[in-house]
Amino acid sequence: MELDNNTHISKFFLLGFSEEPELQPLIFGLFVSMYLITVFGNLFIILAVSSDPRLHTPMYFFLSNLSFVDICFTSTTIPKMLWNIQTQSQVITYEGCITQIYFFIFSAVLDIFLLAVMAYDRFVAICHPLHYTVIMNPLFCGLLVLVSWIISILDSLLQSLMVLQLSFCTNVEIPHYFCEINQMIQLACSDTFLNNTVMYFSVVLLGGGLLSGILYSYSKIVSSISGISSSGGKYKAFSTCASHLSVVSLFFCTSLGVYLSSATTHSSHSSEIASVMYTVVTPMLNPFIYSLRNKDIRKALKRFFVMAGLKRSIILGLEKCS
């Protein structure tokens, strides 16, 4: 531990889930598996959408953006945790911690925006099908994503810069597996009123506001689906909405719970479990819920791998001939 006038430090210690040596291989294996499933599942969606012109629609455009953000979301925290377990080290540098905070907030906020945009897209498609192509035109879709990126960048930049203004004393142990901003604020020995105000304002305005928009969109969708005469079509539509809402609920309930409860309780273990649910489990489930159950995505992936196999065979054939 290196101190400079008790105000600036050079490193923190991430305590992780458990310090018991016999549990480390189990934790490592579990998180490696979830991380690989998340990365490859979302990468397959990006490849499918980008390689198939038939999937160049607003819905799949938003899905591919969500998949990219989910890869960034998990890559912000999990690789560092796995590295610490593998090297039996708990150290993260001050700069690394601030960088992790920035990209974590950026990915989380952008994830929320994209979930809201996707809910709006489905609302327009189901409730206003005749106006769908006019409303969800390429320019408007691009603008929705651009605004989402800009707000996410500004929010994460603001909160990260405010953390830089905090002073830390002798306690540099973070009872978490990554540098979550509420944990950092609790460790500070300087005045954190402004940091807490901005953090909770962001959570309530962005998290609560966008959640309200998502719930409103799905309530209108469910109301519209209720008018479908076909029982098979109604069941399929309700099944899709229920699966989407289950992931949205898991993400928002755990993430909002972590930040809103930090004002009244300091239970690090429950906070860690809740953080895993929205930082690891939800990005891992998104490919299965939103896309891999979709016939269009599966067909696009099949065509992609068939074409990749043919190209490989042609290249190998040419190399043999030469």
Side-chain angles (χ1 to χ4, degrees), residues 57-70 72-73 104-156 158-159 198-227 237-261 274 277-279 281-283 285-287 289-291 294:
T57 62
M59 181 177 73
Y60 293 113
F61 171 66
F62 298 137
L63 276 173
S64 59
N65 274 272
L66 180 68
S67 295
F68 173 76
V69 175
D70 281 341
C72 296
F73 200 12
F104 176 80
I105 296 174
F106 165 74
S107 301
V109 173
L110 187 51
D111 214 310
I112 294 170
F113 267 104
L114 290 174
L115 288 173
V117 167
M118 289 166 62
Y120 176 72
D121 173 70
R122 292 299 84 204
F123 161 73
V124 176
I126 294 173
C127 300
H128 305 283
L130 298 179
H131 301 95
Y132 180 73
T133 54
V134 176
I135 296 174
M136 303 304 291
N137 60 77
L139 179 61
F140 182 63
C141 292
L143 188 61
L144 285 174
V145 173
L146 179 62
V147 170
S148 300
W149 275 74
I150 291 173
I151 295 175
S152 302
I153 290 171
L154 293 177
D155 182 57
S156 57
L158 171 64
Q159 296 200 56
V198 172
M199 182 180 71
Y200 292 126
F201 180 77
S202 176
V203 168
V204 172
L205 181 65
L206 297 179
L210 291 173
L211 177 60
S212 300
I214 292 172
L215 294 177
Y216 174 80
S217 296
Y218 277 109
S219 67
K220 290 295 184 180
I221 290 171
V222 170
S223 177
S224 180
I225 290 171
S226 301
F238 272 122
S239 175
T240 301
C241 284
S243 60
H244 289 190
L245 278 173
S246 64
V247 173
V248 169
S249 301
L250 179 65
F251 181 89
F252 277 95
C253 289
T254 52
S255 58
L256 290 176
V258 165
Y259 286 92
L260 295 180
S261 65
M277 299 306 291
Y278 78 90
T279 62
V281 176
T282 303
L285 291 177
N286 278 343
I289 298 297
Y290 284 104
S291 300
N294 187 300

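We count residues from 1, following the sequence as given.
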**Student:** Hey, does Tyr132 have a side-chain heavy atom less than 4.5 Å from the side chain of Ile126?
**Tutor:**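 Answer no - side chains too far apart.
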**Student:** Measuring from Leu143:CG to Ser148:OG, what's the distance to the nearest 0.5 Å?
**Tutor:**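 One gets 9.0 Å once the value is rounded to the nearest 0.5 Å.
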**Student:** Taking C-beta and beyond as the side chain, do Val69 and Leu114 meet within less than 4.5 Å on heavy atoms?
**Tutor:**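 They are in contact (side-chain heavy atoms under 4.5 Å apart), so the answer is yes.
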**Student:** For residues Ala108 and Phe251, report the shortest heavy-atom separation together with the two atoms involved.
**Tutor:**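 Closest approach of Ala108 to Phe251, heavy atoms only: O-CZ, 4.2 Å.
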**Student:** Determine whether Asn286 and Val247 make a side-chain contact, defined as any pair of heavy atoms from C-beta on separated by less than 4.5 Å.
**Tutor:**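 When only atoms from C-beta onward are counted, Val247 and Asn286 do touch, with a gap below 4.5 Å.
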**Student:** Just how far is it from atom CG of Asn65 to atom CZ of Phe61, taken to the nearest 0.5 Å?
**Tutor:**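 With rounding to 0.5 Å, CG (Asn65) is 4.5 Å from CZ (Phe61).
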**Student:** Taking Ile221's backbone N and O only, do any of them form a donor-acceptor pair with Ser224's side chain (distance below 3.5 Å, no angle check)?
**Tutor:**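 Not confirmed, Ser224 side chain does not pair with Ile221 backbone.
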**Student:** Nearest 0.5 angstrom please: Leu210 CG to Leu205 CG, how far?
**Tutor:**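 These two atoms lie 8.0 Å from each other.
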**Student:** Say you draw a straight line from CG of Leu206 to CG of Leu110; how long is it, rounded to the nearest 0.5 Å?
**Tutor:**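 Those atoms lie 11.5 Å apart.
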**Student:** In Å, rounded to the nearest 0.5 Å, how long is the span from CG of Asp111 to CZ of Phe106?
**Tutor:**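 That separation rounds to 10.5 Å.
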**Student:** One pair to check against side chain to side chain contact (heavy atoms under 4.5 Å, CB included): Ile135 and Tyr120. What are the steps and the verdict?
**Tutor:** CA-CA 11 Å; Ile135 296 174; Tyr120 176 72; 3.8 Å; yes
**Student:** Mind checking whether Val124 and His131 have side chains closer than 4.5 Å, heavy atoms only?
**Tutor:**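 No; the side chains remain at least 4.5 Å from each other.
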**Student:** Donor-acceptor pair, distance only, cut-off 3.5 Å: does the side chain of Ser107 make one with the backbone of Phe104?
**Tutor:**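 No; judged by distance alone, with no hydrogens or angles, the pair does not exist.
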**Student:** Taking Ser212 for the side chain and Gly208 for the main chain, is one N or O donor matched with an acceptor at less than 3.5 Å?
**Tutor:**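 Such a contact is found between Ser212 side chain and Gly208 backbone.
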**Student:** Identify the heavy atoms of Thr254 and Ala274 that sit nearest to each other, and give their distance.
**Tutor:**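 Closest approach of Thr254 to Ala274: CB-O, 3.5 Å.
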**Student:** For the residue pair Ile105 and Gln159, what are the closest heavy atoms and their distance?
**Tutor:**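 Between these two residues, the closest heavy atoms are CD1-CB, 3.8 Å.
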**Student:** Less than 4.5 Å apart, any side-chain heavy atom of Leu115 and any of Ile214?
**Tutor:**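 When only atoms from C-beta onward are counted, Ile214 and Leu115 do touch, with a gap below 4.5 Å.
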**Student:** Rounded to the nearest 0.5 Å, how far apart are CD1 of Ile225 and SG of Cys127?
**Tutor:**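 If we round to the nearest 0.5 Å, Ile225:CD1 and Cys127:SG are 8.0 Å apart.
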**Student:** Taking the six-membered ring for Trp, are Phe73 and Tyr278 parallel (under 30°), tilted (30 to 60°) or perpendicular (over 60°)?
**Tutor:**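 Rings of Phe73 and Tyr278: tilted, as their planes differ by 30° to 60°.
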**Student:** Does the Ser202 side chain pair with the main chain of Val198, one donor and one acceptor, at a distance under 3.5 Å?
**Tutor:**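 Such a contact is absent between Ser202 side chain and Val198 backbone.
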**Student:** Is the shortest side-chain heavy-atom distance between Leu144 and Phe113 below 4.5 Å?
**Tutor:**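 No. Closest side-chain heavy atoms not under 4.5 Å.
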**Student:** Check the pair Leu154 / Leu158 against side chain to side chain contact (heavy atoms under 4.5 Å, CB included), numbers first and verdict last.
**Tutor:** CA-CA 6 Å; Leu154 293 177; Leu158 171 64; over 6 Å; no
**Student:** For residues Met136 and Phe62, determine if any side-chain heavy atom of one lies less than 4.5 Å from a side-chain heavy atom of the other.
**Tutor:**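 Answer yes - side chains close enough.
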**Student:** Mind checking whether Leu250 and Leu285 have side chains closer than 4.5 Å, heavy atoms only?
**Tutor:**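 SC-SC contact between Leu250 and Leu285 confirmed.
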**Student:** Not counting sequence neighbours, which residues clear ring-ring contact (aromatic ring centres under 6.0 Å, His included) with His128? List them please.
**Tutor:**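 Phe123.
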